[in-house]
Amino acid sequence: MKQCTHADALPDPEPAPLGETCPECLRDGTDPVQLRLCLTCGHVGCCDSSPRRHATEHHNRTGHPVMRTHEPGEDWRWCFVDHVLL
Ligand SMILES: [Zn+2]
Ligand SMILES: [Zn+2]
Ligand SMILES: [Zn+2]
């Protein structure tokens, strides 16, 4: 299994969420299915089941490697670079 080195380089404590919902969806009038939190900068974006996939777009734009779920009761993280759950 591939090792992810990105998680070790994340800010600690993790950044506070920049908003309650996906700001790009708010702007465009699309509905997020689920929310993801960027662990580098606190950007909140929508998941890959959402129409516009803004969390992935954020990664593609910024290179920020790891997000975690921003859903209540869930605590998994995902590395966009290594494609592994953390
Ligand atoms: Zn990684
Ligand atoms: Zn969105
Ligand atoms: Zn970010």
Side-chain angles (χ1 to χ4, degrees):
M1 186 164 167
K2 207 167 173 183
Q3 290 292 318
C4 172
T5 57
H6 302 96
D8 295 336
L10 293 173
D12 184 23
E14 71 183 34
L18 295 179
E20 289 295 306
T21 188
C22 175
E24 284 97 350
C25 278
L26 208 57
R27 183 195 63 204
D28 297 346
T30 48
D31 285 324
V33 175
Q34 292 196 333
L35 295 172
R36 307 294 181 233
L37 173 70
C38 173
L39 291 179
T40 300
C41 72
H43 172 270
V44 175
C46 52
C47 72
D48 281 357
S49 300
S50 305
R52 306 293 288 273
R53 304 181 178 187
H54 289 121
T56 297
E57 183 193 277
H58 176 72
H59 162 69
N60 289 336
R61 190 156 39 89
T62 61
H64 295 166
V66 182
M67 58 81 158
R68 73 162 170 80
T69 176
H70 196 37
E71 295 298 311
E74 295 184 359
D75 67 352
W76 52 266
R77 298 182 294 171
W78 172 256
C79 179
F80 284 109
V81 180
D82 297 314
H83 298 102
V84 287
L85 279 172
L86 304 167

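One-based numbering, in listed order, for ligands and for the atoms of each.
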**Q** Angle subtended at the Zn ion (ligand 2) by SG of Cys46 and SG of Cys25, to 10 degrees?
**A**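 Approximately 110° at the metal, rounded to tens of degrees.
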**Q** Relative to the Zn ion (ligand 1), which of the N, O or S atoms in His6 is the closest?
**A**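 Distance check against the Zn ion (ligand 1) picks out ND1 in His6.
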**Q** Counting only heavy atoms from other residues, nucleotides and ligands, does the tally under 6.0 Å from CD of Glu74 exceed 12?
**A**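 Yes.
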**Q** Using a strict cut-off of less than 4.0 Å between a Lys/Arg side-chain nitrogen and an Asp/Glu carboxylate oxygen, indicate whether Arg52 and Asp28 qualify as a salt bridge.
**A**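 Here Arg52 pairs with Asp28 in a salt bridge, since their nearest N and O are under 4.0 Å apart.
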**Q** Angle at the Zn ion (ligand 1) between SG of Cys4 and SG of Cys79, to 10°?
**A**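 SG of Cys4 and SG of Cys79 make an angle of 110° at the Zn ion (ligand 1), to the nearest 10°.
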**Q** State yes or no: do Leu37 and Leu26 share one hydrophobic cluster built from I, L, V, M, F, W and Y residues joined by side-chain heavy-atom distances below 4.5 Å, directly or via other members?
**A**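 Different clusters: Leu37 never reaches Leu26 through Ile, Leu, Val, Met, Phe, Trp or Tyr contacts under 4.5 Å.
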**Q** For His58 together with His43, are the ring centres under 6.0 Å from each other?
**A**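 Yes, close enough.
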**Q** Take the Zn ion (ligand 3) as the vertex and measure to SG of Cys41 and SG of Cys38; round to 10°.
**A**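 Centred on the Zn ion (ligand 3), the SG/SG angle is 110° (to 10°).
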**Q** Nearest to the Zn ion (ligand 3), which N, O or S atom of His64 do we find?
**A**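 Sorting the N, O and S atoms of His64 by distance to the Zn ion (ligand 3) puts ND1 first.
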**Q** Assess His59: does it contribute an N, O or S atom lying under 2.8 Å from the Zn ion (ligand 3)?
**A**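 Given the 2.8 Å cut-off, His59 does not count as a ligand of the Zn ion (ligand 3).
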**Q** Identify the residue among Arg68, Met67, His6 that makes a side-chain contact (heavy atoms from CB on, under 4.5 Å) with Arg77.
**A**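 Testing each of Arg68, Met67, His6 against Arg77, the sole residue satisfying side-chain contact (heavy atoms from CB on, under 4.5 Å) is Arg68.
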**Q** Using only N, O or S atoms, tell me which atom of His54 is closest to the Zn ion (ligand 2).
**A**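 The His54 atom nearest to the Zn ion (ligand 2), restricting to N, O or S, is ND1.
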**Q** Should the pair Glu57-Arg36 be classified as a salt bridge under the 4.0 Å nitrogen-to-oxygen rule?
**A**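 Salt bridge: no.
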**Q** In Asp82, what N, O or S atom is nearest to the Zn ion (ligand 1), if we give its atom name?
**A**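 In Asp82, the N, O or S atom with the shortest distance to the Zn ion (ligand 1) is OD2.
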